[in-house]
Amino acid sequence: MQKSPLQIARASYQPKLPVALQGNVVLENGEATQSVADQEEIKALFPNTYGMPIIKMIKGEKKSFEPMNVGVILSGGQAPGGHNVISGLFDGLKNLNPQNKLYGFLGGPSGLIEHKYTELTAEVIDEYRNTGGFDIIGSGRTKLEETWQFDKGIEICKELGIKAIVIIGGDDSNTNACVLAEYYLQKNTGIQVIGCPKTIDGDLKNEQIETSFGFDTACKVFSELIGNIQRDANSAKKYWHFIRLMGRSASHIALECALQAQPNMCLISEEVEAKNMTLQDIVEQIVKVIVDRAEAGLNFGTILIPEGLIEFIPAMKKLISELNDTLAANEETFKALTTDDEKRQFVKACLTHDSCELFRSLPKGIARQLMLDRDPHGNVMVSQIETEKLLIEMVAKRLAILKAEGQYKGKFNALNHFFGYEGRCAIPSNFDADYCYSIGVTATWLIANGKTGYMSLVQNLTAPAADWIAGGVPITMMMNMEKRNGKMKPVIQKALVDLNGAPFKYLVAHREEWADANTSYIYPGPIQYYGPSEVCDQPTRTLRLEHNAL
Ligand code: FBP
């Protein structure tokens, strides 16, 4: 297979490891833990894995370990660094005992149930070191929630002599990992389950998990593209660019890109919800920035729109929640309807008055997108809802009215963009390459020490990699009860943008200046893999602001 010079160079990059993981490691137990909310319910649902202590890894004496086999699953959306978690896991296992084996389940969690797997040998691993993508074994979104699925997992683990399963995934997949760990303990199977925090969305974070992997690389790729667009906008001076950014729910990606590129405007879904804004309020906010800039003769600019925006507009949220319940309760009937019109009529009959009115007011394309299939976790697939086009349409209408009234004299030419897939499989930045490799090695030590129901933990990430701290956090600690597919379920609490947090406050303190007549654009340029540390190894601005390290 032909490779680019960068691919060849990255194959021999040796990820940096924290000092604590260089050599032999022992585990130190911290305090007992409890879940972030709904303690009684979570404790009752997870009697065997609730309350376990946080673990810290420190240097220790050499110890020998019996040979063991481990299975790994990539779950959910791609995120840069997944291959490095696997290579860290592989190297960690081989270091403990060269006879250890690593199996990869193919195509996500369904590989475990359908017994589709491959052995990951040194030859395979070497092909994928420091590369983006999940193609080493593929990924999928099958939800592991039924006992027959867990039992199929036991069968294959027994057949392959697998001692532990590592699930690399986001909040939903790590929720699955926790449920599986509990079940395997209850059944006394001896099979351990360890989770790893993945998602470009950045919403799997909390007091312990400082960031999910992939967020760093994806945001750097998107920020480069935004910077390039800004330079073009500032050169041509004739387009407004409406740029939607991935991030299913939380606005971390949009916020981080704003901090890196300083666009004229960045919407934050969490603020929209907190201020109880309507779609029309958002349009007015955008229009004001466009009109003000037009007065200074600047008929161009950039606006960042988080992918999840639509779900955070309170009235839309209510509509989507009613749609979710309607679709979940009438799955078969709905599937039998063939035309969009029939589907719209059916749905309208099930909605409350206000939601029905809102649904009717939406452009047909958006209404259709809202009725599309949910993902296996019951979520609307917001990546397929073109909010940026909806906003352009509504803003253009409003500007036309203002123009007729003589309140707007500018020209409005808008272009729409959606950045998501451009960054999800990028070659991992040094940060993600190092962080992911460390997560993999950490997972090995948790397994070797018999731990289950833990997430592999690497902290102190604004310090140089040598000073990072490794350990494990019980997954039950991150859980609360939420409504999914119409029923209350234990799930890992999603981290939304904190409106009192330093990253958002930085945006608020600077956004007027960025919207202003004088452009404040920053052009971040492409990710650099080789060169001075301040160019190559810096973590995201979000992480640095959150940890007071900027
Ligand atoms: P995960 O939460 O599984 O990491 O996925 C993140 C994400 O990239 C979201 O940002 C996006 O909404 C979604 O996946 C799109 O996934 P798909 O292409 O599978 O619909």
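Keep in mind the model is a prediction, meaning the values are calculated, not measured. As the structure lists them, so they are numbered: ligands from 1, and atoms in each ligand from 1.
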Undergrad: Students should be able to answer this: which protein heavy-atom is nearest to atom 10 (O) of ligand 1, and at what distance?
TA: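 Protein heavy atom at minimum distance: D201 OD1, 2.6 Å.
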Undergrad: Counting heavy atoms only, which of R424, K198, E307 comes nearest to atom 7 (C) of ligand 1?
TA: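 Among R424, K198, E307, the closest heavy atom to atom 7 (C) of ligand 1 belongs to R424.
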Undergrad: What atoms of ligand 1 come within less than 4.0 Å of a heavy atom belonging to Y421?
TA: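 What qualifies from ligand 1 is 15 (C), 17 (P), 18 (O), 20 (O).
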Undergrad: Non-hydrogen atoms of Q78 versus ligand 1: any pair closer than 4.0 Å?
TA: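 No heavy atom of Q78 comes that close to ligand 1.
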Undergrad: Between the side chain of Q528 and the main-chain N/O of C536, is any donor-acceptor distance below 3.5 Å?
TA: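 Not confirmed, Q528 side chain does not pair with C536 backbone.
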Undergrad: Do me a favour and list the nearest non-hydrogen protein atom to atom 13 (C) of ligand 1 with residue, atom name and distance?
TA: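 Here the closest protein heavy atom is R141 NH2, 3.5 Å.
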Undergrad: Could you tell me which atoms of ligand 1, counted from 1 in the order shown, lie closer than 4.0 angstrom to a heavy atom of G76?
TA: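 Close to G76: 3 (O).
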Undergrad: Is NZ or CZ of R424 both nearer than 6.0 Å to the six-membered ring centre of Y421 and within 45° of the ring axis?
TA: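 Pair R424/Y421 does not count as cation-pi.
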Undergrad: What I want to check is whether the side chains of E342 and T338 have a donor and an acceptor closer together than 3.5 Å.
TA: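 The criterion, which ignores hydrogens and geometry beyond distance, is satisfied for T338 and E342.
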Undergrad: Is there a polar contact between ligand 1 and I200, counting only N or O atoms under 3.5 Å apart?
TA: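 In this structure, I200 places no N or O atom under 3.5 Å from an N or O of ligand 1.
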Undergrad: Within ligand 1, which atoms have a heavy atom of R248 less than 4.0 Å away?
TA: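 Counting from 1, the qualifying ligand atoms are 9 (C), 10 (O), 12 (O).
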Undergrad: Please confirm whether G247 approaches ligand 1 to less than 4.0 Å, judged on its heavy atoms.
TA: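 It does; at least one heavy atom falls under 4.0 Å.
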Undergrad: Which residues satisfy the side-chain contact (heavy atoms from CB on, under 4.5 Å) test with E127, sequence neighbours excluded?
TA: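 By the side-chain contact (heavy atoms from CB on, under 4.5 Å) rule, E127 matches K3.
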Undergrad: Taking the six-membered ring of F334 as reference, does the NZ or CZ atom of K343 fall below 6.0 Å from its centre and within a 45° cone about the axis?
TA: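 Flagged: K343 positioned over aromatic ring of F334.
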Undergrad: What about the rings of Y183 and F150, do their centers lie closer together than 6.0 Å?
TA: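 Centroid distance Y183-F150: below 6.0 Å, so yes.
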Undergrad: What is the ring orientation for Y435 with F431, classed by angle as parallel under 30°, tilted 30 to 60°, or perpendicular over 60°?
TA: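 The arrangement is tilted - the two ring planes meet at 30° to 60°.
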Undergrad: Which ring pair (Phe, Tyr, Trp, His ring centres under 6.0 Å) pairs, counting each pair once, include a residue from residues 484-507, with sequence neighbours left out?
TA: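 Pairs touching residues 484-507 that pass the test: Y506-H510.
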Undergrad: Can you find an N or O of T199 that's nearer than 3.5 Å to an N or O of ligand 1?
TA: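 Checking ligand 1 against T199, an N or O pair does fall under 3.5 Å apart.
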Undergrad: Heavy-atom contacts with G77 under 4.0 Å: which atoms of ligand 1 show up? List them by number with element.
TA: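 Atoms satisfying the 4.0 Å criterion: 1 (P), 3 (O), 4 (O), 5 (O).
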